[in-house]
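Taking it in order: structure first as structure tokens, then the write-up.
Within every chain, numbering begins at 1; the chains are lettered A, B, ... in the order of the sequence lines, protein sequences first and strands thereafter.
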Amino acid sequence: MAGVELKNLSKSYGDVEVLHDINLSIADGEFVVFVGPSGCGKSTLLRMIAGLEEVTGGDLLIGEKRANDLSPRQRDIAMVFQSYALYPQMTVAENMGFSLSLEKRSKKEIAEKVQEAADALKLGPFLNRKPGQLSGGQRQRVAIGRAIVRNPQVFLLDEPLSNLDAALRSETRVEISELHQRMGVTMIYVTHDQVEAMTMADRIVVLNGGYIEQVGSPMDLYNHPATEFVAGFIGSPKMNFIKGRYAVAAGTTTLGVRPEHLTIGEGDDTWEGKVTLVERLGHDTILYVRVPDAGILTVSLNGQHNQNVGDTVRLRPNPDFIHRFDDQGKPNAADLVQGQG
Amino acid sequence: MGRWVLLFILGVIAILMVSPLVLTVFTSLKPTTELVNPPWYPPISLTFEHYVRVWTEGGFSRYFFNTLLISVVDAIVMIVIASLAAYAMVFMEFRGKLVLQVLFLIGLMIPVTAIVLPLFQIVRSFGLLNTHLGVIFADLALAVSIFVFMFSSFFMGVPKALHEAARIDGATEFQIYRRVVMPIATPAVVTTALLEFLWSWNDLLLRLLLMTKDEMRTLSVGLLNFQGTMTRDVTGLSSGTVIMAIPVVLLFLFFQRHFVRGMTAGAVK
Ligand SMILES: Nc1ncnc2c1ncn2[C@@H]1O[C@H](COP(=O)(O)OP(=O)(O)O)[C@@H](O)[C@H]1O
Ligand SMILES: [Mg+2]
């Protein structure tokens with residue numbers, strides 16, 4: 001096992017730089033998630049670590065060793081692809097044992113390791129099938145199994161769940177987390193889904209436009225977003241951003257309030273608005289409220305409530321959880337000193 | 001009503017296409033005495049004497065072996081060369097790739113007949129006139145562009161992630177070629193084998209040009225023997241033609257389904 005270190009790493013395609021000055025230190029055994037909107041450079045960064053994309057600037061260290069110029073096979077990594085990329089002509093067992101057979105391990109050893117991984121992933125009954133005869137979820141497991149069998153130093157996953165349906169996705173999410181705990185291997189996981197990031201990561205790296213916006217634990221990012229972008233990206237439903245007179249009253253350019261930090265209340269410190277849409281989820285009720293001079297705000301209320309479309313409500317932001325951003329999208333300096341949440 | 005018209009037209013076309021073959025087979029099986037009958041008369045008493053004559057005295061056993069040797073070697077070597085080249089073009093980055101691509105493209109565009117003379121000189125300068133090796137080299141060189149393109153377009157349909165997964169699994173480029181890419185390239189391999197075999201089997205120009213010695217000849221050249229300046233050995237020509245056609249017909253019958261599938265692939269799926 002090994003940690004991974006990125007020092008002033010950058011990537012250019014021709015004249016276009018798509019990743020800029022990336023600095024990151026991933027500890028041995030850590031589960032790190034790269035998250036960000038589509039096109040922000042997550043896959044490119046992961047593929048540079050894998051050795052599938054050339055490093056065009058800075059240094060990449062795997063287990064303290066400079067890996068910039070090592071081929072993928074010299075890096076001792078395994079990767080799970082979004083498309084699974086299983087070898088179609090090979091059986092499940094052959095797919096999983098391929099890397100070992102390239103290392104000229106004995107048939108017996110290969111069979112044992114494949115069996116072990118197959119048992120862990122409940123793939124036993126399918127070992128002699130071809131990938132074409134498996135469901136999406138089973139293929140996904142084979143792809144993971146193929147990576148496990150190698151017992152790599154670093155385990156890379158690029159949006160491994162995005163081709164699964166919702167139920168299977170949350171199930172597999174849990175399994176990957178368990179796998180990480182069991183193997184204790186360094187895992188780097190790429191996703192555009194902040195829920196996956198929040199639920200699985202030891203540490204989240206938020207990328208945007210080829211820059212690292214923030215690195216931190218899920219709760220760090222939730223409580224202390226370093227930028228307006230992170231504040232809006234992490235958390236669901238999304239944080240409300242309010243400009244105009246309410247922001248000015250709070251002494252800032254943009255006011256950020258999470259939907260779960262708005263409550264229905266009375267009094268001078270409340271904002272009046274009209275309900276435009278209600279989503280009843282049972283455990284939560286989501287109101288969309290048009291507040292004059294603030295726009296449509298999302299409100300997430302715990303439990304079941306009987307507001308209806310057209311009702312006038314008064315919203316009270318929880319003063320302990322207000323985020324204030326300046327015109328650069330950075331938190332106000334005063335707030336940083338105070339700390340919040 | 002339209003259906004019958006269509007059937008009629010198709011029937012006429014089929015008769016037009018099949019009749020030369022049928023007439024050739026008829027002639028090849030007729031005793032010489034029956035040659036006075038019109039060609040569309042079926043043979044009354046069947047005889048294989050012309051086949052035996054052509055095969056032994058006519059030297060067709062030798063020609064057959066020569067043709068088979070050249071065609072099989074052509075097909076096998078072409079599969080190896082074209083797939084390796086296409087693999088490099090599709091999956092690997094290297095300097096001079098663009099130049100190579102342009103060269104292959106030029107190779108596609110130049111007709112054989114236009115370069116017959118320089119080709120002859122090149123083969124002669126290598127001392128390979130009147131050798132099977134010379135013909136094989138010439139065959140391969142002339143057709144390699146086409147098959148590189150065929151393999152390339154097939155390989156471009158192979159997901160890039162498959163190649164990457166294999167690299168991560170620790171495979172070298174050659175291991176990826178042999179164990180990941182080629183096993184799924186069967187359609188391209190079969191098509192190459194068949195086409196190159198057929199072209200090689202049927203080619204006359206290069207064989208005539210590059211091999212003058214009788215013992216090196218192929219079937220296509222051998223057939224010319226029957227056409228003297230004054231005489232024409234019709235039965236010999238017919239049975240020789242049939243001998244040459246049989247392997248081709250067998251191949252088509254054997255791979256018929258593959259051919260039809262190859263031609264309709266991608267249309268409905
Ligand atoms: N081979 C390439 N050539 C040029 N630009 C590329 C290439 N691959 C990716 N990019 C660009 O790099 C950026 C990051 O891409 P990617 O890492 O795939 O984003 P993500 O995985 O976060 O969606 C995108 O703007 C994309 O257009
Ligand atoms: Mg991506």
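Residues B/Leu162 and A/Pro88 come closest through the heavy atom pair CD2-CD, 3.8 Å.
Of the listed residues A/Ala143, A/Ala85, A/Ala50, A/Ala147, the one with more heavy-atom pairs under 4.5 angstrom with chain B than any other is A/Ala85.
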Pull every donor-acceptor pair under 3.5 angstrom between chain A and chain B and give the atom names with distances.
residue  : atom : partner  : partner atom : Å
A/Arg47  : NH1  : B/Glu164 : OE1          : 2.9
A/Arg47  : NH1  : B/Glu164 : OE2          : 3.2
A/Arg47  : NH2  : B/Glu164 : OE2          : 2.7
A/Arg73  : NH1  : B/Gly170 : O            : 2.6
A/Tyr87  : OH   : B/Ala165 : O            : 3.4
A/Tyr87  : OH   : B/Ala166 : N            : 3.3
A/Tyr87  : OH   : B/Asp169 : OD2          : 2.8
A/Gln89  : NE2  : B/Arg179 : O            : 2.8
A/Gln89  : NE2  : B/Val180 : O            : 3.4
A/Ser101 : OG   : B/Arg179 : NH2          : 3.0
A/Arg150 : NH1  : B/Ile168 : O            : 2.5

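The number of heavy-atom neighbours closer than 6.0 Å to CE of B/Met17, taken from other residues, nucleotides and ligands shown, is 12 or below. A 6.0 Å sphere centred on CZ of B/Phe94 holds more than 12 heavy atoms belonging to other residues, nucleotides or ligands. Few gaps surround CZ on A/Phe81; more than 12 heavy atoms of other groups in view lie less than 6.0 Å from it.
Of the inter-residue distances, the one linking B/Ile168 atom CD1 with A/Leu52 atom CG reads 4.0 Å to the nearest 0.5 angstrom.
Using a 4.5 Å cut-off between heavy atoms, A/Leu156 makes no contact with chain B at all.
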